[in-house]
Protein chains: 2
Amino acid sequence: MKKCIKCDHVDGLKRAGFIRGKQRYYCRHCAIHFVYPDSEAKTKKNTHATIQDVAKYLGVSISTVSRALNDKTDINLETKKAILEAAKELDYHPNLLAKSLHDGKTNIIGVILPDVVHPFFARVLAGIQNIASKSQYNIIVCHSDEKNETEIKNIENLISFKVDGILMSHTKNMIDSNHVKNAIKKGIPVVQFDRVFDELDIPKVVSQDVKGSFDLVEHLLNQGCRKIAIMLGPKDLDISNQRLKGYLAALQHFGMEINPEYIVYSDISENDSKEAFNYFINLENPPDAIFTVFYSHSIEMMSIAKSAGIKIPEALAFVSYGDDSLVEFFEPSLTVFNQFPISMGETSMNILLDIIKFKTELSAKTHVLDGKLIIRNSSLRKSSN
Amino acid sequence: MKKCIKCDHVDGLKRAGFIRGKQRYYCRHCAIHFVYPDSEAKTKKNTHATIQDVAKYLGVSISTVSRALNDKTDINLETKKAILEAAKELDYHPNLLAKSLHDGKTNIIGVILPDVVHPFFARVLAGIQNIASKSQYNIIVCHSDEKNETEIKNIENLISFKVDGILMSHTKNMIDSNHVKNAIKKGIPVVQFDRVFDELDIPKVVSQDVKGSFDLVEHLLNQGCRKIAIMLGPKDLDISNQRLKGYLAALQHFGMEINPEYIVYSDISENDSKEAFNYFINLENPPDAIFTVFYSHSIEMMSIAKSAGIKIPEALAFVSYGDDSLVEFFEPSLTVFNQFPISMGETSMNILLDIIKFKTELSAKTHVLDGKLIIRNSSLRKSSN
DNA sequence: CTGAAAGCGCTAACAG
DNA sequence: CTGTTAGCGCTTTCAG
């Protein structure tokens, strides 16, 4: 309760406008006008001003300040104006931690990426950020760095941060999803993208992995290739199976035989492409086309092939999945199935926000994003198309 | 104060071990052993267990739980064990918001990047993450997307989050640093990297921009090039000046004349490289070497040059700054001055952590990271080197 | 229209 | 060794 600065009486006190932004009071007993003396608030350096500082500074209560700052209706316009000015004066910034603690939501989304450097994931992240910044959400980026233990720790961490939701793509050899179930049990909505766990009953956003492979293989067949080898990603990844499925489907659909020798997996390690290339080329019956799941593999293989004097695409064609705007500048330019990772990020984030906003039950729906076959010189043997 | 479950007496009560993980009590009045009935804690779904839940569950006080969880010494080992088990049982995760609110530090570092997709910044981010994950820090990534207003908002946002520090690289045309000063005034340590503001009195981490340009130009001169053009980044960027400085220094050092026509700036927009290339090539006295600050510009220009039948490097050599492992696979492979962005991220983060840890005054020291000239075919006219 | 007070989850100082 | 309590900054009843 406010007291008169002179007589300490608490009754005869009433507000009497503002003076230099500060609440002025009038005491009937003493018949004086006065303002409360400045608190130290304003001079405090190296520290964050709080709602309290603003309140003291003006001689009003913290709830009044809170109301002004949050644009509530039940507040005197003059008071509000003074508070807003004072807040600016003291360079007040709300403490989001306190706010979050109070209302049980943080406006933070946790994003777990296996590899920040990979252009694909970097683009997905950009897409996520696009939506986030529009919707006032913040992003905590966790880098699992393709390590299972790190991914598990990341989830624990995000749970501790009480994030409002999680967007994730798994490490290349994650085979267990208990850590994700943990988060879900706590009511944190999770959306998976690209590398997903089929067994989890949550939304998933993937690209047309079956169709992409199908289209690439179909294109190669159209170009006259008959011995098409494929270098997949890690065997544990669901996405590898999807892509293999498309490859097999296309071959079967066009009545081609399947040669198990032409199918290899990669663990995304240093010399993968070199080894795979040597393996392929030294087969008794070497392929006339190589389909790699990562475009960097194709690029590296093409480089080896060229220096070995192998004609591309005549003797050996190359196709891949692709995400980088520069792939068209390699020599020869690379045919890819483009997945539009930015829109994958945007879609995932939109779905997550929907769930948060409407408290939708997590529907396990899988969203398949359209991709596009982009034909370039690494596979173009006929001028027809 | 605990009461006997039967007689409500508060005196004759004492602990008597644990039973199925729960604190057991003995009441002298009633001569009975008992445990307090389960709170609802365990059955609560869709919610985060708190320290309170654990306390109730075991019938101990919250401070005891806190002590157990924080590995304090003054606690009975048996009690501690029971608490730890109960915490696991209830799937307790500490609430980092509450913790942060209490002790005034968040263990969050804010990172502001102008472009997440650019391989350079993606790598810097990876470097930052490397150190962060080792030091138990979390990263909030803000994407300014090359927009000044967004960068300013990002800072405000990070201030509100009470982050422990900020790592940032400015947008390409940021000319004012008041937003950064704001954060600094509040005692938030800020470290700038790559695109820095010289006027700010804080640590900066940059690559050898002067030396890089010098080395590239020197190399071109060694190769017999005499008319070296340069395509810089945005004019407002300090880094553009640094790189121009190196270019000019090399030319002067080797007694070459400087032709202002050979110096252009880029605003990193869609058709930049095409326009610049056409401009250069149509000069009365066109250059015999082009030095671009972004390797993507060189790649695109080389592509145009090749299709125009211009021989690289004989008629026109190319060099650039570079960050991507794939640049060696372009045809011809590109000579670059490599900046090692990952170590830039690591260094920046280490410096920031040092400041946080030792409350070092922000020394305005500029840390220049070593880069390395990597000579490839785009500029190699003589077999000598 | 404004103020007082409770509570979000946690830690630490202070008693016992 | 353990419990009580205050307080971090904020919002939100509930009273005036």
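Quick note on labels: first sequence line is chain A, next is B, and so on, each numbered from 1.
Remark: K88(B) pairs with no residue by the side-chain contact (heavy atoms from CB on, under 4.5 Å) rule, at least two apart or across chains. For D176(B), the side-chain contact (heavy atoms from CB on, under 4.5 Å) partners at least two apart in sequence or on another chain are N178(B).
Between the P atom of dC10(C) and the NZ atom of K56(B) lies a distance of 13 Å, rounded to the nearest Å. The distance from atom NZ of K80(B) to atom C1' of dT2(D) is 15 Å, rounded to the nearest whole Å. Computed from coordinates, the N76(B) CG to dG3(D) C1' distance equals 15 Å when rounded to whole Å. One can place CG of D53(B) at 16 Å from P of dG7(C), the figure rounded to the nearest angstrom.
The phosphate of dG3(D) (OP1 or OP2) has a side-chain N or O of T64(B) nearer than 4.0 angstrom.
In summary, D103(A) and K105(A) do not engage in a salt bridge, as defined by a charged side-chain N under 4.0 Å from a carboxylate O. For the pair D91(A) and K185(B), the salt-bridge criterion is not met [side-chain N within less than 4.0 Å of a carboxylate O].
Between the side chains of S66(A) and S63(A), no donor N or O sits under 3.5 Å from an acceptor N or O.
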Sequence-aligned protein contact record of nucleotides 5-16 of chain D, with B where the base is within under 4.0 Å of a protein heavy atom and S where only the sugar-phosphate is = --BBBBBB----
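Just one of I152(A), I188(A), L200(A) meets the side-chain contact (heavy atoms from CB on, under 4.5 Å) condition when paired with V180(A); it is L200(A).
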